[in-house]
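All ligand and atom numbering here is 1-based and tracks the order in the structure.
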Amino acid sequence: MSQYDFDLFVIGAGSGGVRAARMAAVRGVRVAIAEDLHLGGTCVNVGCVPKKLYVYASEYRQSMEDARGFGVEAQQIGFDWSTLRDNKKREIGRLNGIYGNLLTNSGCELINGRARVTGPNSVQVGEREYTAQRILVAVGGWPQLPEIPGAELAITSNEVFDLDSFPERIMVVGGGYIAVEFAGIFAGLGAQTELVYRGDLFLRGFDREVREFVATEVAKKGVKLSFNEDPQQIERRDDGALDVTLKSGEVRTVDQILYAIGRVPKTVNLGLETAGVELNSKGAVVVDDHFQSSTPSIYALGDVIDRVQLTPVALAEAMALVDHLYGDDKTPMPNYKMIATAVFCQPNIGTLGITEDEAIEQGLKADIYVSDFRAMRHTLSGSEERTLMKLIVEQGSERILGIHMVGADAGEIMQGLAVAVTAGATKEAFDRTIGIHPTAAEEFVTMRTKTRSIC
Ligand SMILES: Cc1cc2nc3c(=O)[nH]c(=O)nc-3n(C[C@H](O)[C@H](O)[C@H](O)COP(=O)(O)OP(=O)(O)OC[C@H]3O[C@@H](n4cnc5c(N)ncnc54)[C@H](O)[C@@H]3O)c2cc1C
């Protein structure tokens, strides 16, 4: 009989925690998992899932406008926020139930409440202390608000999905993918939308050409872009609206101000320091290649280690860790350099591998293929939307180093390309591939003339 209550105590039932708990439990490991909010974590409750549902909602108005060029006319386009919000709530409730069943059916003990680490092998939830041979910290992150007067009047991604009423005027602050996506959602749903970012161009880390292209496209969709700006103060007016004073001195009146300026690891008051776990300056748990912290019995993964904050990455980390601890250790560690990802703005961004600037910084010799065109749909829709596709190909080896796309369904298209590139596809393999006609994606296998070379 083990000296511990559990073999593995997982803190946080989000993407990474649930996957690790289930995978371990089905191998016969005695697992407990503690959650103090909702099962499924950020992704299911206030992240990927509700966001994508709202993205879908935001695209109908544009589709109906585009339809006119095809002879399809809707007399009136209405939008009811409460229908969207409440249908979303119902769907998330259904998913919460599924997560609960998955955990209990796999044999995990589900503990409701806030967990606190009290030692290398002990965790407290409420009044009760549990012991475990290993502890897995999968507590994710938490959105931030700035330290400016009136910041408490602003909302974050935690609140935005469940607003009582639809904001007719909204300011979104931030330059990351979440800010850009929310700006697209509210503009698409009909709100007067301004995106304010303190830098000179949003989406830092993405390919420069993509960022510039997206700025043009997002502006075409009616989002006012204010770069090199930053709110300094927020005040509530008598009529309930908010006056936001910007760095430039200009004042905007809006119904909501949404901050999406990054997320911090949720390690405050978690007790990790008392157990000897090293945290970095941002509060992220420092782990080695096998997700082990400076306290050997304590592991961490997902957003709390602040590597790549994406659900599939947390899932891949969880599978690799469980296989390392309780399996044959054959699951590879995630390759953080080759992660396909999408931004669900309008049009979407899909991206994989390195950017052109990274290729230059790394001193690589590469050929760049770029195609910028109007998708067939828009020859009749009348929309000015354009599509961008870009390949970065290493000279000599012909290896595809990076693929970038801005256009309809870029995320869907990139997933298939990611398989090919992960399998080692070269430009020659792309050229040999017969296209599917007529699609936008066929452009990726017909780009024959290089746009420029870097060396
Ligand atoms: C608005 C938004 C949109 C996003 N969109 C995408 C997307 O499109 N694609 C994508 O891949 N990723 C997206 N993400 C990121 C994705 O949600 C995260 O990367 C992912 O959820 C990380 O999983 P995790 O397990 O590390 O943490 P989380 O999913 O955050 O789970 C952590 C869990 O731990 C719980 N917890 C915390 N502290 C304690 C404690 N002390 N005791 C008990 N429980 C605790 C929390 O309540 C939470 O349920 C988005 C995020 C946001 C905010």
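- Taking atom 1 (C) of ligand 1 as the reference point, the nearest protein heavy-atom neighbour is V46 O, 3.6 Å.
- Shown in contact with G113 at under 4.0 Å from a heavy atom are these atoms of ligand 1, numbered in order with element: 42 (N), 43 (C).
- To the nearest 0.5 angstrom, L189 atom CG is 9.0 Å from Y54 atom OH.
- Atom 18 (C) of ligand 1 has its nearest heavy-atom neighbour, among D303, V49, T42, in D303.
- Backbone and side-chain nitrogen or oxygen atoms of F344 are examined, and none is located within less than 3.5 angstrom of a nitrogen or oxygen of ligand 1.
- Residues satisfying the salt bridge (charged side-chain N to carboxylate O under 4.0 Å, His left out) criterion with E443, sequence neighbours excluded, are absent altogether.
- Ion pairing of K88 with E91 is absent here, as no side-chain N (NZ or NE/NH1/NH2) approaches a carboxylate O to less than 4.0 Å.
- Note on ligand 1: P143 sits outside its first shell, no heavy atom being nearer than 4.0 Å.
- The closest side-chain donor-acceptor pair between Q124 and T118, if any, does not fall under 3.5 angstrom.
- Aromatic ring centroids of F161 and F182 lie under 6.0 Å apart.
- Between the side chains of T42 and R263, a donor-acceptor pair is found at a separation under 3.5 Å.
- Set against the non-hydrogen atoms of G12, the atoms of ligand 1 under 4.0 Å away are 33 (C), 34 (O), 35 (C), 44 (N).
- Residue pairs meeting the side-chain hydrogen bond (donor to acceptor under 3.5 Å, both in side chains) criterion with at least one partner in residues 6-20, sequence neighbours excluded, are D7-R30, S15-T311.
- Taking a cut-off of under 4.0 Å to the non-hydrogen atoms of C43, the atoms of ligand 1 that pass are 17 (O), 21 (O).
- Close approach of ligand 1 to R114 is summarised as follows: ligand atoms under 4.0 Å from at least one heavy atom of the residue are 38 (N), 39 (C), 40 (C), 41 (N), 42 (N).
- Atom numbering of ligand 1 starts at 1 in the shown order; those under 4.0 Å from a heavy atom of P312 are 11 (O).
- By the 3.5 Å distance cut-off applied to N or O atoms, R263 is not counted among the residues near ligand 1.
- Nearest-residue assignment for atom 37 (C) of ligand 1 (options V139, V304, N112; heavy-atom criterion): V139.
- What sits closest to atom 47 (O) of ligand 1 on the protein, heavy atoms only, is E35 OE2, 2.6 Å.
- Taking CD1 of I413 as the start and CE of M405 as the end, the distance is 3.5 Å to the nearest 0.5 Å.
- Classification of D306 and K282 as a salt-bridged pair holds, one side-chain N sitting under 4.0 Å from a carboxylate O.
- Contact annotation: L39 has no heavy atom less than 4.0 Å from any atom of ligand 1.
- Once rounded to the nearest 0.5 Å, the distance linking CD of E181 with CD of Q346 reads 9.0 Å.
- Distances below 4.0 Å separate heavy atoms of A34 from the following atoms of ligand 1: 43 (C), 44 (N).
- Numbered from 1 in the order shown, with element, the atoms of ligand 1 that lie under 4.0 Å from a heavy atom of L37 read 47 (O).
- Rounding to the nearest 0.5 angstrom, the gap separating the NZ atom in K390 from the CZ atom in F444 is 11.5 Å.
- Protein heavy atom at the shortest distance from atom 36 (N) of ligand 1 is D36 OD1, 3.6 Å.
- Between I11 and ligand 1, no N or O atom pair is found at a separation short of 3.5 Å.
- Those atoms of ligand 1 with a heavy atom of G302 less than 4.0 angstrom away are 26 (O).
- With N45, T267, N269, L310 as candidates, the residue nearest to atom 10 (C) of ligand 1 on a non-hydrogen basis is L310.
- The closest non-hydrogen atom to atom 7 (C) of ligand 1, taken over E317, K51, K52, comes from K51.
- Aromatic pair F202/F227: ring centres closer than 6.0 Å.
- Rounding to the nearest 0.5 Å places OG1 of T193 at 13.5 Å from NZ of K221.
- A salt bridge links D36 with R114; the closest basic N to acidic carboxylate O contact falls under 4.0 Å.
- The backbone N or O of M319 sits nowhere less than 3.5 Å from a side-chain atom of D323 that would complete a donor-acceptor pair.
- Taking 4.0 Å as the cut-off, H38 counts as a neighbour of ligand 1 on heavy-atom distance.
- Of all protein heavy atoms, the one closest to atom 16 (C) of ligand 1 is T311 OG1, 3.5 Å.
- Using 4.0 Å as the threshold, R116 has no heavy atom nearer than that to any atom of ligand 1.
- For atom 31 (O) of ligand 1, the nearest non-hydrogen atom of the protein is G14 CA, 3.2 Å.
- With a heavy-atom cut-off of 4.0 Å, Y177 touches ligand 1 through its side chain alone.
- The nearest protein atom to atom 52 (C) of ligand 1, hydrogens excluded, is given as I178 CD1, 3.5 Å; this is a heavy-atom distance.
- A donor-acceptor contact shorter than 3.5 Å is absent between the side chain of N348 and the backbone of A408.
- Contact annotation for C48 and ligand 1: heavy atoms of both the backbone and the side chain come within less than 4.0 Å of the ligand.
- Atom 27 (O) of ligand 1 has G140 CA, 3.3 Å as its closest protein atom, hydrogens excluded (heavy atom only).
- Considering CZ of R208 and CZ of F213, their distance stands at 15.5 Å, rounded to 0.5 Å.
- Among protein heavy atoms, the minimum distance from atom 25 (O) of ligand 1 is reached at G16 N, 2.8 Å.
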